[in-house]
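In what follows, a single structure is set out as structure tokens and then discussed.
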Amino acid sequence: MSKFKIMSIAFVGENIEVDASRAPILEMLDDHDQRIRLASLNALYLIFKRGGDLALPQYSKAINMLADISHQVRLAAYRILFAFAIQTPDKMIPARNIKNNEEIRLIDDAFAHLCDSMNDPESSVRAEGATLLGKFDGVSMRFLHQTLEKNLMTNLNRIRSLNERAKGEGGEFSSGRKFGDDKAIRGEVEDDNNVIARGACGAFIHGLEDEFQTVRVAALDALCTLAAKETTGDFAKQSMDYMVDMLNDEIEGVRLNAINNCVRLASRVPVLLEDQNENVLTSCLPDSRREIRYK
């Protein structure tokens, strides 16, 4: 019976004339068999790849699938969210924290959900999630900056400057609505102005500190790609701090990848801070690998 369902779902996915928002695919996402749930998500993704439209009910369903017991299903759900971000990036949807009925762009919401993949128990999901993060284009600056901040700022109106971070100043900030009442905090946030999910908080920091080399490399590449796309250069300066830190990684392949990504961002960050220069001199020049010393 399961094989018949999977074959039927595959047929529907190949027929882009089917109205996917009313297709039986959505019903199959609740099936008890994880193979059928996976086939349903793959069919939705195939509809998108072949030029079909995705509808918001599918977006909500894909979000629910992020908690699936199967890592393959979770990964397929992340791909669906990325497909939505490509197809309708500027569509306004309710923010996850809807106390004040605020709306955000779909691409920002999808990006925040993809950031959650950095905490997935399966390394393959974390690596693929990081790769997908690097493919986003047009994410709001406050979401980008939050990926490099372990403190969740309630409305993200103020981001620490590079000099402040270098000096170790200002770990927490207030938005100014009430003196000291809504400063950045760790953990749960109850502010009704917070439309950025906690998943975005320090997402790339988690990826760069991951125990698996594949995840760290994917996070490095994604961070560099996003920083290169951002037009003001602020995110590139902030990202360079973390990429330079990766020159101390224990794995040669990761150190070489960090060097290559630093070179990619050199045009955006032509001047390094003193501590960054020191890190390059003490980490790269004495490295045992000739290619790293050369670069």
Side-chain angles (χ1 to χ4, degrees), residues 1-14 16 18-50 52-89 91 93-98 104-136 139 143 196-201 203 206-207 215 218 222:
M1 183 63 178
S2 294
K3 288 185 178 181
F4 175 76
K5 286 184 178 180
I6 293 173
M7 292 175 62
S8 300
I9 293 169
F11 173 79
V12 172
E14 292 176 358
I16 63 174
V18 173
D19 183 354
S21 64
R22 295 194 297 266
I25 295 178
L26 287 180
E27 299 177 7
M28 294 297 101
L29 291 175
D30 296 322
D31 196 275
H32 70 279
D33 192 325
Q34 69 181 42
R35 296 172 299 174
I36 294 176
R37 299 196 300 274
L38 177 60
S40 301
L41 287 172
N42 287 338
L44 289 177
Y45 191 71
L46 180 60
I47 289 173
F48 163 75
K49 293 290 287 184
R50 299 189 63 187
D53 291 330
L54 299 174
L56 279 181
Q58 298 160 6
Y59 184 78
S60 300
K61 277 285 189 179
I63 291 175
N64 294 336
M65 305 302 287
L66 297 179
D68 198 274
I69 192 174
S70 167
H71 74 276
Q72 293 177 313
V73 172
R74 296 196 302 273
L75 182 53
Y78 281 122
R79 288 171 179 159
I80 290 292
L81 296 186
F82 177 71
F84 269 97
I86 294 176
Q87 190 175 81
T88 54
K91 186 175 183 62
I93 62 174
R96 279 191 257 182
N97 188 336
I98 56 174
I104 61 173
R105 295 189 306 153
L106 189 146
I107 189 174
D108 292 333
D109 187 69
F111 182 81
H113 279 294
L114 260 295
C115 286
D116 282 330
S117 66
M118 292 294 93
N119 297 311
D120 195 274
E122 180 64 37
S123 62
S124 61
V125 177
R126 299 197 299 273
E128 178 68 17
T131 300
L132 290 175
L133 286 174
K135 295 180 179 180
F136 276 79
V139 178
F143 283 82
I196 296 186
R198 285 181 292 276
C201 185
H206 294 308
V215 179

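The structure displayed is predicted, hence computed values, not measured ones.
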Considering all heavy atoms of both residues, which atom of Met118 and which atom of Ala130 are nearest to each other, and what is their separation?
CE-N, 3.4 Å
Within-4.5 Å side-chain heavy-atom neighbours: Gln72 and Leu41:
no
Between Phe84 and His113, is the side-chain contact (heavy atoms from CB on, under 4.5 Å) condition met? List the steps.
CA-CA 12 Å; Phe84 269 97; His113 279 294; over 6 Å; no
Tyr59/Thr88 under side-chain contact (heavy atoms from CB on, under 4.5 Å): CA gap, chis, key distance, verdict:
CA-CA 11 Å; Tyr59 184 78; Thr88 54; over 6 Å; no
Can you check side-chain contact (heavy atoms from CB on, under 4.5 Å) on Ile25 and Ile47, steps first, answer last?
CA-CA 11 Å; Ile25 295 178; Ile47 289 173; 3.9 Å; yes
Close side-chain approach of Leu56 and Ser60, heavy atoms under 4.5 Å:
no
With a 4.5 Å limit on heavy-atom distance, are the side chains of Gln58 and Ile80 in contact?
no
Considering all heavy atoms of both residues, which atom of Asp120 and which atom of Arg74 are nearest to each other, and what is their separation?
OD2-NE, 2.7 Å
Report yes if the side chains of Leu66 and Leu81 come closer than 4.5 Å at any heavy-atom pair, otherwise no.
yes
Output the distance between atom CG (Asp109) and atom CG (Leu114), rounded to the nearest 0.5 Å.
10.5 Å
Can you measure from CG (Leu75) to CG (Leu132) and round to the nearest 0.5 angstrom?
7.5 Å
Heavy-atom closest pair (Ala110 atom, Ala85 atom, distance to 0.1 Å) is CB-CB, 4.0 Å
OG (Ser70) and CD (Gln34) are apart, to the nearest 0.5 Å, by 4.0 Å
Would you mind reporting whether Asp30 and Lys61 have side-chain heavy atoms less than 4.5 Å apart?
yes
Are any of the side-chain heavy atoms of Tyr78 and Glu128 separated by less than 4.5 Å?
no
Any chance you could measure Ile36, atom CD1, to Met28, atom CE, to the nearest 0.5 Å?
7.0 Å
So, for Met65 and Arg37, which heavy atoms are closest and what is the spacing to 0.1 Å?
CE-CD, 3.7 Å
Grab the two heavy atoms, one from Ser117 and one from Arg126, that are nearest each other, plus how far apart they are.
O-CG, 3.3 Å
Please report the interatomic distance CG(Asp31) to CD(Glu27), rounded to the nearest 0.5 Å.
10.5 Å
Nearest heavy atoms of His206 and Asn119, plus distance in Å
CD2-OD1, 3.8 Å
